[in-house]
Amino acid sequence: MKKEITSTIYVSINGEYRLWDSLSMEEKKDISINLNDRAMQAIGYQRKDKTA
């Protein structure tokens, strides 16, 4: 019998832990962008504004 691996993702927002699946699409998008920015900054990149 095979057992499947499952995972549950929680995020901390202002000290409150919330289930990832309970967030709105907009909240998920904002968090994803923020995490990508942090990762890129950690290796020396900076986001450029797309105002041009």
Side-chain angles (χ1 to χ4, degrees):
M1 179 193 322
K2 291 185 179 181
K3 291 187 178 183
E4 292 185 25
I5 296 174
T6 59
S7 63
T8 305
I9 301 170
Y10 287 87
V11 293
S12 175
I13 301 173
N14 297 323
E16 176 188 348
Y17 286 93
R18 295 182 52 198
L19 186 61
W20 177 259
D21 292 336
S22 73
L23 301 175
S24 70
M25 291 304 290
E26 186 65 29
E27 288 173 310
K28 288 179 182 179
K29 180 181 172 186
D30 290 344
I31 291 169
S32 297
I33 290 170
N34 187 291
L35 290 173
N36 278 339
D37 285 347
R38 286 185 189 189
M40 296 302 283
Q41 287 174 1
I43 59 173
Y45 288 89
Q46 291 184 351
R47 177 181 289 275
K48 288 187 178 181
D49 290 333
K50 294 183 178 182
T51 57

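Atom set for the values below is all heavy atoms of this structure, side chains included, hydrogens, waters and symmetry mates excluded. Not measured: the values here are computed from a predicted model. Residue indices begin at 1 and follow the sequence shown.
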* Atom NZ of Lys29: over 12 foreign heavy atoms under 6.0 Å ->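 No, because the 6.0 Å sphere around NZ of Lys29 holds 12 heavy atoms or fewer from other groups.
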
* Would the number of heavy atoms belonging to other residues, nucleotides or ligands and lying under 6.0 Å from CD1 of Ile5 be above 12? ->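 Result for CD1/Ile5: open.
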
With a 4.5 Å cut-off on side-chain heavy atoms, are [Y] and [X] touching?
X	Y	result
Leu19	Thr8	yes
Asp21	Lys28	yes
Leu23	Ile13	yes
Ile31	Leu35	yes
Arg18	Tyr10	no

* What distance separates Lys3 NZ from Met1 CE, expressed to the nearest 0.5 Å? ->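 That separation rounds to 7.5 Å.
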
* Say you draw a straight line from CZ of Arg38 to CG of Asn34; how long is it, rounded to the nearest 0.5 Å? ->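 That separation rounds to 4.5 Å.
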
* To do: Indicate yes or no for a side-chain donor-acceptor contact from Glu27 to the backbone of Ser24 under 3.5 Å, with no hydrogens or angles considered.
  =>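 Checking the backbone N and O of Ser24 against the side chain of Glu27, a donor-acceptor pair under 3.5 Å is found.
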
* To do: Apply side-chain contact (heavy atoms from CB on, under 4.5 Å) to the pair Ile33 and Asp37, showing each step before the final yes or no.
  => CA-CA 6 Å; Ile33 290 170; Asp37 285 347; 3.9 Å; yes

